[in-house]
Amino acid sequence: MVRLTEMVRQKDTSAIVFDWLNGDVRTLRRDYESVRAKPVPAEAEWIDAGGVRVLHFPAGAGGTSPPHSASASLGGPLPAGERSSEALRLAPSSPQRGEGGANAPDEGGKAIVKPRLRTTAIVYFHGGGFIVGSPLTHADIATELIRHTGLPLYSVDYRLAPDHPAPAPAADGISVIRHLLGEGFNHILLCGDSAGGAIALSVEATLPVELRHHIIGVASFYGAHGLLDTNSLIEKGNREDGTDRACVARYFLAAGGNAYSIEALARPSPVPVYLIAADDDPLRDDTVILAKAMEVHGRVVTLDTVAGENHGFLHQPHYARAEAALGRFAIWLGALSNK
């Protein structure tokens with residue numbers, strides 16, 4: 001049995017060139033998965049959450065155990081459009097109940113979320129320009145989130161564009177929320193990075209009224225909202241990284257991007273929002289403009305702009321600025337979880 005990390009080493013991934021502007025989407029997905037899939041904690045497992053495939057990271061997963069590959073033991077991600085319950089390894093997703101008080105630092109000084117009743121879960125949406133990526137390509141961020149917050153996390157293997165444009169990813173997220181509420185969770189934090197941040201915000205914006213009071217907050221890390229004429233995109237856009245104007249336009253055309261626009265997301269809502277912007281990110285201004293628009297509509301918004309960082313900097317585990325940013329996020333989340 002060959003682990004995913006070994007498979008990646010066996011391939012000449014240095015020869016892979018991502019043509020983000022004109023490349024075939026299925027080729028981009030295959031190559032992105034090959035290069036970017038990360039090890040996951042031994043405790044992580046795929047579950048069926050309301051008919052949607054989800055990678056479940058239990059609270060405390062990866063804290064002391066060495067990570068292992070998901071592809072061999074968990075089956076790896078399915079191609080978009082082929083997610084069926086028959087292919088899933090089924091597992092329960094019940095909340096962990098227990099005593100808890102206000103946030104307290106661990107031995108390393110980090111704030112650990114300790115809700116009074118552990119009925120809070122993070123529902124996470126990975127990045128990838130709406131067209132590539134999976135819970136495996138962003139397992140490093142998920143693992144760091146549970147390490148910082150102490151909460152279980154459910155990373156959604158949502159349907160990808162252009163096969164499934166909006167509102168398909170948000171509909172998948174809503175199905176997962178319904179499932180978790182049925183399993184005994186009562187409080188949900190929606191969270192995502194890049195395109196996934198926009199999807200998390202879209203889920204909150206389109207939730208049925210009967211579900212809205214279960215959402216304690218929504219967080220978007222360097223989110224993508226399709227703005228094509230911002231200073232940051234014009235000055236810092238990079239074709240090789242897929243973050244220039246033409247590439248961003250391609251992603252949003254494929255995704256049905258109006259659902260992720262500032263106008264669609266900056267609407268009145270009592271749900272608090274946490275935004276991380278990277279100062280050297282071509283998409284920085286998307287987050288800054290969103291924060292200002294939300295404030296105009298009376299939203300409670302926290303904006304954390306991280307100096308000297310670029311798009312995707314949270315993929316660097318144990319990097320000082322990523323650690324600090326996630327630590328600040330955990331403190332914000334802890335305050336919400338303990339209300």
Side-chain angles (χ1 to χ4, degrees), residues 40-63 65 70 74 83-85 88-104 111-126 135 139 142-158 169-192 196 199-200 203-204 206-219 269-272 274 329-330 332-339:
V40 301
E43 304 91 336
E45 57 188 343
W46 293 105
I47 68 167
D48 177 3
V52 179
R53 199 166 189 253
V54 171
L55 187 54
H56 171 216
F57 296 76
S65 303
L74 303 181
R83 298 172 173 88
S84 63
S85 59
L88 301 178
R89 173 184 174 185
L90 302 182
S93 55
S94 56
Q96 302 178 22
R97 300 177 184 273
E99 295 296 326
N103 283 8
I112 301 298
V113 176
K114 295 183 177 180
R116 296 186 181 279
L117 290 175
R118 284 197 176 274
T119 58
T120 302
I122 299 173
V123 175
Y124 190 79
F125 301 87
H126 64 80
T143 301
E144 289 301 297
L145 282 170
I146 60 172
R147 185 170 71 85
H148 278 269
T149 67
L151 295 175
L153 182 147
Y154 295 81
S155 186
V156 182
D157 194 18
Y158 60 85
D172 289 344
I174 292 171
S175 294
V176 172
I177 292 169
R178 289 188 185 277
H179 172 82
L180 294 178
L181 295 176
E183 290 290 316
F185 287 101
N186 195 45
H187 304 102
I188 304 294
L189 184 282
L190 299 170
C191 185
I199 293 170
V203 171
E204 189 273 327
T206 57
L207 271 175
V209 174
E210 69 272 16
L211 300 182
R212 188 169 296 277
H213 69 281
H214 293 286
I215 308 303
I216 62 171
V218 56
S269 170
V271 177
Y274 193 93
F329 165 72
W332 174 84
L333 175 55
L336 298 181
S337 301
N338 289 301
K339 285 183 179 179

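In what follows, every heavy atom counts, from backbone to side chain, and hydrogens, waters and symmetry copies are set aside.
In this structure, the separation between CG on Leu181 and NE2 on His187 is 10.0 Å, given to the nearest 0.5 Å. Expressed to the nearest 0.5 Å, how far CD1 of Ile122 lies from OG1 of Thr149 amounts to 3.5 Å. Atom CD1 of residue Ile47 and atom NE2 of residue His179 lie 5.0 Å apart, to the nearest 0.5 angstrom. Atom CG of Leu190 and atom NE2 of His214 lie 12.5 Å apart (nearest 0.5 Å). The distance from atom CG of Asn186 to atom CD1 of Ile216, rounded to the nearest 0.5 Å, is 10.0 Å. Atom CZ of Arg212 sits about 10.0 Å away from atom CD1 of Ile177, to the nearest 0.5 Å.
At least one side-chain heavy atom of Leu55 sits less than 4.5 Å from a side-chain heavy atom of Val40. Two residues are said to be in side-chain contact when any heavy atoms from C-beta on lie closer than 4.5 Å; Leu151 and Leu333 meet this criterion.
With sequence neighbours left out, Ser175 forms a side-chain hydrogen bond (donor to acceptor under 3.5 Å, both in side chains) with no residue at all. Taking the side-chain contact (heavy atoms from CB on, under 4.5 Å) definition, one finds that Ala219 meets it with Cys191, Phe221, Tyr274, Phe329, sequence neighbours left out. Every residue meeting the side-chain contact (heavy atoms from CB on, under 4.5 Å) condition with Pro208, not counting sequence neighbours, appears here in chain and number order: Ile174, Arg178, Glu210, Leu211. Residues that satisfy the side-chain contact (heavy atoms from CB on, under 4.5 Å) test with Ile146, not counting sequence neighbours, are Phe57, Ala61, Leu153.
The minimum heavy-atom distance between Phe125 and Val203, with the atom names listed, is CZ-CG2, 3.8 Å. Scanning all heavy atoms of the two residues, the minimum distance from Pro152 to Phe185 falls at CG-CE2, 4.0 Å. Shown here for Thr206 and Ala170, the closest heavy-atom pair between the two residues is OG1-CB, 4.1 Å. Between Tyr158 and His126 the shortest heavy-atom distance is OH-O, 2.7 Å. Listed here is the closest heavy atom pair of Gly192 and Tyr124: CA-CE1, 3.8 Å.
Screening Asp48, Val176, Asp157, Val123 for a side-chain contact (heavy atoms from CB on, under 4.5 Å) with Val54, the sole residue that qualifies is Val176.
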